[in-house]
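Remember, predicted model here, so these are calculated numbers, not experimental data. Below, chains carry the letters A, B, ... as their sequence lines are ordered, and counting in each starts from 1.
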Protein chains: 2
Amino acid sequence: MPHRRQVRMTKQRQIILDTLRKTCTHPTADELYHKVRKTLPHISLGTVYRNLETLNNMGLITRLLFGGGQMRFDGNIETHHHVSCRYCNRIEDIPEDAVTTLAISPDAMEGFSMLGHELYFVGICNSCKEKKEQRVEMR
Amino acid sequence: MPHRRQVRMTKQRQIILDTLRKTCTHPTADELYHKVRKTLPHISLGTVYRNLETLNNMGLITRLLFGGGQMRFDGNIETHHHVSCRYCNRIEDIPEDAVTTLAISPDAMEGFSMLGHELYFVGICNSCKEKKEQRVEMR
DNA sequence: GTCGTTGCAAAGATTTTGCAGCGGC
DNA sequence: GCCGCTGCAAAATCTTTGCAACGAC
C-alpha cells in the first residue's frame, strides 16, 4: 500500500507562497527568488525551485506554460487567461468575463483525462510596438 | 531608412523546415537535431537553434509555448490547438472544429496589439495515468 | 565578390541534485 | 526523534554566441 509522504509547511515555503500571491507579474523562479530574499536573505535559489515544484503539485500555485522558454508561476489558481507580448514575454491577466464562450467537443481529446485548459493570447505590447516602429530590425 | 537583411535558403535551413513539417510530435530543438542528422550528419545543434529562430521569425513555423520549460516547435502554422500531458509533456493536436465557439471581448486586451491566440488543454495521457495508478509517489 | 550562414567549441542561462546539518510536527 | 527540508555548491540541461571558413545569390 503506497502512501503519500507528509508535506511540511516551513517558513521558507510559506513565504514563497505569500510572496507569489502578492506578485501579479507572473514571475520567473529567479525573479521570485530575489523578492523572497528581501524577507529571507539566506534562502537559496534551489529552495525556491524545490518549493515551486512542491506548491504546484499541491495545487496551491500554477506553473504557467508561456514563459518563452523559461518557467513562470502564478499564485492565482482561479481559472483565468493571459495575454503575452511576443517580444518582451510580459504576461498579463485577462478579466475572467472577457472570454464569453468556449465550447469544446467532448470526445476531441480521447486518450487524455482533462485537468484544465489555458488560453493564451499573443500580441505586441504598446511599449514594444513603439520600439519596433523605430527600428525594423527587431522583427 | 532601415532595411530588412536578405534571408538565404541554405540546404540546412530547407532540410530543417522539411523535417519539422514531416514531424507531427512537436519536437524540441534537440529532438529535431537528431532527426536532421540522419540527412545532414555534420549539422550542429547551434545551426538548428539559429534556424528555428529564423524560421519562426519568417512565420514559416511556430514556436510552441507549452514545453514544460523547454521550447517546442510546430511545422503546422494553420490555427489549431493542443492537448498536453502534465506528466510526460507530450503534445498532441486537437482537430480544428473541436473548439466550436470562442468569443472574446475586444477591449479586454487594451495595451496589446493581438497577433493570435493559443489554447492549451492540460490532462493526463492514458499511459501516464496507468503509471500513476500503480505508484502514488509519481506526482 | 559580398555578406549571410555554418560547424565547432566555449560561454551563458536555467534548472536539478547530493549532502550534511537543521527544524517541523 | 523521525524524516522532510534547507543552504550550499556542483552538476546537468538547455540555449546562445564568437569566429574563421564556406557558400547562396
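Within residues 24-48 of chain B, the residues having any heavy atom closer than 4.0 Å to DNA chain C are, in order of number, H42(B), I43(B), S44(B), T47(B).
A donor-acceptor pair under 3.5 Å links the side-chain atoms of N51(A) to the main chain of T47(A), judged by distance alone. Judged by distance alone, the side chain of Q14(A) and the main-chain N or O of K11(A) form no donor-acceptor pair under 3.5 Å. Between the side chain of H82(A) and the main chain of I91(A), no donor-acceptor pair closer than 3.5 Å is present.
One interatomic measurement links the two molecules: CE of M71(B) to P of dC14(D), which rounds to 11 Å at whole-angstrom precision. What separates CD1 of I16(A) from C1' of dG7(D) is a distance of 12 Å, to the nearest Å. In this structure, R72(B) atom CZ and dC14(D) atom P are separated by 10 Å, rounded to whole Å. Atom CE in M58(A) sits about 13 Å away from atom C1' in dC5(D), given to the nearest Å. We find that CZ of R50(A) is positioned 13 Å from C1' of dC22(C), with the value rounded to whole Å. Separating the CD1 atom of I15(B) from the P atom of dA24(D) is a distance of 11 Å, rounded to the nearest angstrom. At whole-Å resolution of the value, NZ in K11(A) and P in dG4(D) are 22 Å apart. When rounded to the nearest whole Å, the span between CD of Q70(A) and P of dA13(C) equals 11 Å.
Applying the 4.0 Å criterion to OP1 and OP2 of dT15(C), one finds that Y49(A) has a side-chain N or O inside that range. Within the structure, a side-chain polar atom (N or O) of T10(A) is placed less than 4.0 Å from OP1 or OP2 of dT6(D).
The side chain to side chain contact (heavy atoms under 4.5 Å, CB included) test with R37(A) is passed by exactly one of L32(A), I43(A), V48(A): I43(A).
Comparing dT16(C), dC25(D), dG4(D) by their closest approach to the side chain of R8(B) singles out dC25(D). Among the nucleotides dG7(C), dC5(D), dT15(D), the one closest to the side chain of Q12(B) is dG7(C).
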Practice problem: Before giving the answer on side-chain contact (heavy atoms from CB on, under 4.5 Å), spell out for R72(A) and Q70(A) the whole-Å C-alpha distance, their side-chain angles and the decisive distance to 0.1 Å. | Solution: CA-CA 7 Å; R72(A) 288 180 175 273; Q70(A) 209 172 148; 5.7 Å; no

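In the hydrophobic clustering of ILVMFWY residues, with side-chain heavy atoms under 4.5 Å counting as a link, I16(A) and I77(A) come out apart.
Closest non-hydrogen pair, L20(A) versus D74(A), comes out as CD2-C, 4.0 Å.
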